[in-house]
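Reading through the structure tokens given below for one structure.
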Amino acid sequence: MAREHSPSQRLLTRGGRGALLLLALAGGLSCDLFETRKPNDPGQNTFPCAPLTSQSDVFVNIEQAYGRGDGLPCYLSSLSDDIVFDFDDADSLSPPPEKYLNYTKGVEQVVAQNIASGAD
């Protein structure tokens with residue numbers, strides 16, 4: 001006796017299962033499964049910068065913010081406008097390099113930005 005296959009049974013044949021699998025995968029791909037994450041607003045600073053009310057707060061800000069992209073505004077605001085590079089003679093027998101003689105907050109800002117962004 002010949003058996004007739006109902007439409008639901010025909011759907012579950014090998015070809016039908018493959019088609020269902022492709023439809024499920026296509027549905028999963030279209031549901032933002034592999035979408036990139038939404039970037040943070042560049043104006044939003046997520047680094048917790050302590051208020052500059054004591055020397056220890058300034059030290060903590062400088063220590064924790066240095067080298068972090070989100071901490072760069074905090075780091076720079078914690079520095080004095082009159083930066084002086086103090087070359088320690090005990091560290092080297094030669095005089096300080098020329099670039100340190102005119103070291104300013106602007107130079108430190110460029111250096112800190114390069115370090116925070118991983119530039120050489």
Side-chain angles (χ1 to χ4, degrees):
M1 181 187 255
R3 285 173 54 173
E4 279 191 41
H5 294 289
S6 69
S8 61
Q9 287 176 329
R10 272 184 261 142
L11 184 62
L12 295 178
T13 62
R14 183 177 292 180
R17 285 184 292 221
L20 281 176
L21 180 63
L22 285 175
L23 284 173
L25 286 174
L29 291 175
S30 67
C31 294
D32 296 339
L33 182 62
F34 296 104
E35 289 291 319
T36 57
R37 64 182 173 84
K38 304 291 186 263
N40 290 337
D41 179 16
Q44 181 180 7
N45 188 3
T46 59
F47 186 82
C49 194
L52 304 177
T53 55
S54 70
Q55 288 181 346
S56 63
D57 289 339
V58 173
F59 179 75
V60 167
N61 284 347
I62 289 174
E63 185 180 51
Q64 292 182 355
Y66 188 76
R68 292 183 51 169
D70 62 343
L72 190 60
C74 180
Y75 172 74
L76 294 173
S77 71
S78 300
L79 298 177
S80 169
D81 289 332
D82 301 321
I83 292 180
V84 176
F85 185 82
D86 187 17
F87 189 78
D88 189 356
D89 293 333
D91 290 338
S92 176
L93 297 175
S94 59
E98 186 74 28
K99 65 181 176 181
Y100 296 119
L101 297 178
N102 296 317
Y103 205 82
T104 64
K105 187 174 181 177
V107 174
E108 177 63 17
Q109 179 175 353
V110 171
V111 171
Q113 285 172 333
N114 288 341
I115 290 173
S117 68
D120 291 335

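Scope of the values below: all heavy atoms of this structure, side chains included, with no hydrogens, waters or symmetry mates. Residues: numbered from 1 along the sequence shown.
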Task: side chain to side chain contact (heavy atoms under 4.5 Å, CB included) partner of Ile62, the single match among Asp57, Leu79, Leu76 - done: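 Result for side chain to side chain contact (heavy atoms under 4.5 Å, CB included) with Ile62: Leu79.
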- [ ] Compare all side-chain heavy atoms of Asn61 with those of Tyr75 and state whether any distance is below 4.5 angstrom.
- [x]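 Contact flag for Asn61/Tyr75 side chains = no.
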Open item on the list: Side chains of Phe59 and Glu63, heavy atoms from C-beta outward: is any pair under 4.5 Å?
Closed with: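 Sidechains of Glu63 and Phe59: in contact.
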What are the two closest non-hydrogen atoms of [X] and [Y], and how far apart are they?
{"X": "Ser80", "Y": "Lys105", "result": "O-CD, 3.5 Å"}
{"X": "Cys74", "Y": "Ala65", "result": "CB-CB, 4.3 Å"}
{"X": "Ser78", "Y": "Leu52", "result": "OG-CD2, 3.7 Å"}
{"X": "Tyr66", "Y": "Ala112", "result": "CE1-CB, 4.4 Å"}
{"X": "Phe47", "Y": "Asp70", "result": "CB-O, 3.2 Å"}

Task: Distance in Å, Asn114 CG paired with Gln109 CD, rounded so as to fall on 0.5 Å steps - done: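 Here the interatomic distance stands at 10.5 Å.
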Open item on the list: For residues Val111 and Leu72: do they belong to one hydrophobic cluster (side chain heavy atoms under 4.5 Å, members Ile, Leu, Val, Met, Phe, Trp, Tyr)?
Closed with: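 Cluster IDs for Val111 and Leu72 match.
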